[in-house]
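Computed from a predicted model, the values in this text were never measured in an experiment. Only heavy atoms go into these numbers, but all of them, side chains included; no hydrogens, no water, no symmetry mates.
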Amino acid sequence: MLKKILPIASTFVIGFGLVTTACGQKPKDDKQEYKPIYNYYVLGESFEKEVETKFHNALAEKQNELIYIDQAMQQHENFDFFTQSNLQEINLRKKNQNVTSNYDLLSQREKDALTNDLNKITKNSKIEETILNSMKPELNFYSSILEFKNENQKWFERLSYDFSNIDFGYLSFDNENKNYIANVNLDLVFTYQYTDINSNVIKNKYQEDIVITICNQDDIIENLKFSTSELRENLIKDKFEWAWFDAYDLRINDYARLFNLSNSDFENLFKFDKFEKSLLNYISKHNTNSSNPTQSYNFTFKDENRFKNFKSINRINNFNPRENKYGSKQLILDDTVSTTNTNNINLFKTVFSELITDDQIVLENKFVKGNQDIYAHLNKEYKTWVSDFQTKFNKELGINSDSIVNYGEITLNNFCLYFDEFNYYHPINPISYYVGISANNLNDSYLNNENEIVETKIISAGQDPIFKAIYQNTMSALQVFQETYGTSKTTWMSLSDNQELINLKNANILYSRAVKTNDKSISDINAQLSLLNNKSLTYSAESERQSFLNKTNTSSFHFQFNNSEELQNIPIIEMTNNKLIFKKFKEDSSNLSVDFNLSFLNLSFVIKSEKFYWFERTLIDSN
């Protein structure tokens, strides 16, 4: 029996049923226990993303309370470290002392004072409370990976600071040293934990660098607050040119990459002086705090290295960890001659056998060679995926775009206040803003102020650039899958007559580096098939899996044998000479399913042929 069942695992597939086998003798594998390794992997991965998103959003919401210290705040909080005299003294030491780390510039008393002052600031900002409150609605969903052996352990450990890259700056505006601006750069760290399928504690930390500004000129503080609070959501809403990227802008000819963009896709774009000019013009136009400054300064970038990173937030997909079988489409395979069965078997063979691209299909109004089975399946489903994603995007940001396929956040680098009189750059807390990515935004209704007619647009798959992106992403991912797993052409016409369901040329797929025996359970096999197997016997992804995801331009993948019903029942299997053989089910009758998720193929093939279960069947033959 399962020692532990996820709340979602009970809605996922965890088991299988009983059928007759050709063997009269009860196989020793009856004692096999099913562990939903992939379920725990998905839950852990989802938890990490949820926690880190909550931390990032809370920091963005509270950053102005965290990173700005004016004269009134200094006096009210009675700081020991963040004082003008102390920061000036430390800056002199920085100029005169040669140390490996700037943290070594501080005495132990100053180190303690720094931590104490930071604790005051974070407490007053209520950032920790904001994070914990935002996570409360999610904790029940993740409860199974938050059950610690020690009852005193909690998922949230602490909020702390990383001083390894700490830096200091100080500028006096006059000879009397009455007016000044200073900065302290450090990392804010959020430490949390959860458990894996074996109740091992997995500790994680998420951190972001922050720049704390200390100044006794209120107009400078107010000016800075605009850059760190107003830009994040408004640039994309105001249709700022550099917040809306198209495949053309990113020089992406193959739309498959639009769902898995990386820093390299953006880096060169921000080196153009046109970007800096556009951003500064936007700030000048919208910043109402910039009149009558006490000092002469400008917003600017210190050098052309203006881009820090891109982080994807959400994209069109059809994988949902909160749904039964992750929202997969159930397709029935049997021995009938119906059109539905024929189509489903053809799709199965296309995925696990041979990717034929000799069919004539239409993409963006052009006849091209492709695969009709993949094309037909995606055509039936894709408008729902697009609609769901764009509806969520509209709900999050209030933008009714009909071209967007992916959205994320750009964080800028080296953005500063420049004091020309002193030739001094004062660093600004890393600023970020939302960006949208589309397959073709030239005709986007939102960008063209045509929101009132968004819902009346009717476009076929063959005309739709978004469909082209989905199709290309699926085809390129499937090609990588078949090359990696070495799928061979399938010749069987009937499920009950086939020698093996799937034939793989890559024998390593069924070879476990952790389990050196053929006596494997379905859990071991599913972990290997989904590239989740590693030496430590945990479900943590290896570089092999991440490399596969990168090559396929996808963020989720699984390939496993399962039960079509929501039962605690398992298939009894046997590994012999690189063959995966189905023996029977543990108990009761059931149907075997082959569950596969890659790119936009989120499928559960359910085998409902009675003859299939009359004899032992080779599920995979790996040569």
Inset, instruction - Answer yes or no: are there more than 12 heavy-atom neighbours, outside Gln97 itself, under 6.0 Å from its atom CD? - result: yes

Inset, instruction - Kindly give the heavy-atom pair with the smallest separation between Ala182 and Leu87, and that separation in Å. - result: CB-CD1, 3.9 Å

Inset, instruction - Go through the side-chain N and O atoms of Gln108 and Asp112 and say whether any donor and acceptor fall under 3.5 Å apart. - result: yes

Inset, instruction - Return yes if a side-chain donor-acceptor contact under 3.5 Å exists between Thr228 and Tyr68, otherwise no. - result: yes

Inset, instruction - Indicate whether the side chain of Glu65 and that of Asn124 have a donor and an acceptor atom separated by less than 3.5 Å. - result: no

Inset, instruction - Using a 4.5 Å cut-off on heavy atoms from C-beta on, say whether the side chain of Leu146 contacts that of Leu139. - result: yes

Inset, instruction - Answer yes or no: is there a side-chain heavy-atom contact under 4.5 Å between Gln295 and Ile220? - result: yes

Legend entry - Ring-face cation of Lys239 near Tyr446 (centre distance under 6.0 Å, axis angle within 45°): yes

Legend entry - Pair Tyr142-Glu138, side-chain donor/acceptor within less than 3.5 Å: no

Inset, instruction - Anything under 30° is parallel, anything over 60° is perpendicular, the rest tilted; go ahead and classify Tyr326 against Tyr38. - result: perpendicular

Legend entry - Trace of the salt bridge (charged side-chain N to carboxylate O under 4.0 Å, His left out) decision for Glu50 with Arg322: CA-CA 13 Å; Glu50 195 77 57; Arg322 295 174 185 264; 3.8 Å; yes

Inset, instruction - State whether the number of non-hydrogen atoms from other residues, nucleotides or ligands found under 6.0 Å of Lys237 atom NZ is greater than 12. - result: yes

Inset, instruction - Would you please classify the geometry between the Trp242 ring and the Phe270 ring as parallel, tilted or perpendicular, with 30° and 60° separating the classes? - result: tilted

Legend entry - Atom of Ser227, atom of Phe415 and distance for their closest heavy-atom approach: CB-CE2, 4.3 Å

Inset, instruction - Identify, with sequence neighbours excluded, every residue that meets ring pair (Phe, Tyr, Trp, His ring centres under 6.0 Å) alongside Phe55. - result: Phe190, Tyr206

Inset, instruction - Using a strict cut-off of less than 4.0 Å between a Lys/Arg side-chain nitrogen and an Asp/Glu carboxylate oxygen, indicate whether Lys225 and Asp70 qualify as a salt bridge. - result: no

Inset, instruction - Using the six-membered ring wherever Trp is involved, compare the ring planes of Phe47 and Tyr192 and label them parallel, tilted or perpendicular (cut-offs 30° and 60°). - result: perpendicular

Inset, instruction - Give the ring-plane orientation class for Phe310 versus Phe266, where under 30° counts as parallel, over 60° as perpendicular and anything between as tilted. - result: parallel

Legend entry - Any donor-acceptor pair under 3.5 Å from Ser143 side chain to Asn140 backbone: yes

Inset, instruction - May I ask you to check whether Ser296 and Glu421 show a side-chain donor-acceptor distance below 3.5 Å? - result: no

Legend entry - Partner residues of Lys203 under the side-chain hydrogen bond (donor to acceptor under 3.5 Å, both in side chains) criterion, sequence neighbours left out: Glu157, Gln193

Legend entry - Modelled atom types, side-chain donor and acceptor of Asp80 and Asn116, under 3.5 Å: no

Inset, instruction - Would you please say whether a donor-acceptor pair under 3.5 Å links the side chains of Asn183 and Asn185? - result: yes

Inset, instruction - Give a yes or no on whether Phe422 atom CZ has more than 12 heavy-atom contacts from other residues, nucleotides or ligands under 6.0 Å away. - result: yes

Inset, instruction - Go through the side-chain N and O atoms of Asp196 and Asn200 and say whether any donor and acceptor fall under 3.5 Å apart. - result: yes

Inset, instruction - Determine whether Ile437 and Trp244 make a side-chain contact, defined as any pair of heavy atoms from C-beta on separated by less than 4.5 Å. - result: no

Legend entry - Shortest non-hydrogen contact from Lys302 toward Cys416: CB-SG, 4.1 Å

Inset, instruction - Under the side-chain hydrogen bond (donor to acceptor under 3.5 Å, both in side chains) rule, what do Ser438 and Asp444 come out as? Steps first, then yes or no, please. - result: CA-CA 9 Å; Ser438 67; Asp444 187 278; over 6 Å; no

Legend entry - Pair listing, side chain to side chain donor-acceptor pair (under 3.5 Å) test, anchored in residues 389-399, at least two apart: none

Legend entry - Check: Gln88 and Tyr180 side chains under 4.5 Å, non-hydrogen atoms: no

Legend entry - Check: Asn102/Asp167 side-chain N/O donor and acceptor closer than 3.5 Å: yes

Legend entry - Chi angles and distances behind the salt bridge (charged side-chain N to carboxylate O under 4.0 Å, His left out) call for Arg93, Glu89: CA-CA 6 Å; Arg93 285 185 225 159; Glu89 166 61 25; 3.3 Å; yes

Inset, instruction - Considering non-hydrogen atoms only, spot the tightest contact between Arg306 and Lys271 and give its length. - result: NH1-O, 2.9 Å

Inset, instruction - Please check if the side chain of Arg545 supplies one atom and the backbone of Ser530 the other of a donor-acceptor pair under 3.5 Å. - result: yes

Legend entry - Lys/Arg N to Asp/Glu carboxylate O, Arg232 vs Glu409, below 4.0 Å: yes

Inset, instruction - Using a strict 4.0 Å threshold on nitrogen-to-oxygen distance, state whether Glu61 and Lys126 make a salt bridge. - result: no

Legend entry - Side-chain heavy-atom pair Asp187, Ile210 within 4.5 angstrom cut-off: no

Legend entry - Side chain to side chain, Asn406 and Ser312, heavy atoms closer than 4.5 Å: yes

Inset, instruction - Go through the side-chain N and O atoms of Tyr170 and Gln84 and say whether any donor and acceptor fall under 3.5 Å apart. - result: yes

Legend entry - Lys205 atom NZ, neighbour heavy-atom count above 12 within 6.0 Å: no

Inset, instruction - Dump the intermediate steps for ring pair (Phe, Tyr, Trp, His ring centres under 6.0 Å) on Tyr194 and Trp155, then the final yes or no. - result: CA-CA 6 Å; Tyr194 60 95; Trp155 73 269; over 10 Å; no

Inset, instruction - Could you walk me through whether Phe557 and Phe548 pass the ring pair (Phe, Tyr, Trp, His ring centres under 6.0 Å) test, one step at a time? - result: CA-CA 9 Å; Phe557 165 68; Phe548 177 81; 4.7 Å; yes

Inset, instruction - Would you mind reporting whether Phe393 and Asn314 have side-chain heavy atoms less than 4.5 Å apart? - result: no

Legend entry - Asn86 to Phe81 - nearest heavy-atom pair and separation: ND2-O, 2.9 Å

Legend entry - Derivation of the salt bridge (charged side-chain N to carboxylate O under 4.0 Å, His left out) call for Lys285 and Asp238: CA-CA 12 Å; Lys285 180 180 177 180; Asp238 291 338; over 6 Å; no

Legend entry - Any donor-acceptor pair under 3.5 Å from Asn317 side chain to Arg315 backbone: yes

Inset, instruction - Please determine if Lys111 forms a cation-pi arrangement with Tyr103, meaning its NZ or CZ atom is less than 6.0 Å from the six-membered ring centre and no more than 45° off the ring axis. - result: yes

Inset, instruction - Report yes or no: do Asn473 and Asn553 form a side-chain donor-acceptor pair below 3.5 Å? - result: no

Inset, instruction - Report yes or no: is the cationic atom of Arg251 (NZ for Lys, CZ for Arg) under 6.0 Å from the centre of the six-membered ring of Tyr248, at an angle within 45° of the ring normal? - result: yes

Inset, instruction - Return the minimal non-hydrogen interatomic distance between Asp219 and Tyr297, and the atom names on each side. - result: OD2-OH, 3.5 Å

Inset, instruction - Give a yes or no on this: more than 12 heavy atoms of other residues, nucleotides or ligands lie within 6.0 Å of atom CG of Asn165. - result: no

Inset, instruction - Determine, step by step, whether Glu208 and Leu188 satisfy the side chain to side chain contact (heavy atoms under 4.5 Å, CB included) criterion, reporting the C-alpha distance in whole Å, the side-chain angles of both residues, the deciding distance to 0.1 Å, and the verdict. - result: CA-CA 6 Å; Glu208 290 193 25; Leu188 194 61; 5.7 Å; no

Inset, instruction - Using only heavy-atom distances, determine whether the side chains of Thr300 and Glu276 contain a donor-acceptor pair under 3.5 Å. - result: yes

Inset, instruction - Look at the side chain of Glu544 and the backbone N and O of Leu531, then say whether any donor-acceptor pair between them is shorter than 3.5 Å. - result: no

Legend entry - No-hydrogen, no-angle side-chain donor-acceptor test under 3.5 Å, Thr191 and Asn204: no

Legend entry - Heavy-atom side-chain contact between Asn216 and Phe173 under 4.5 Å: no

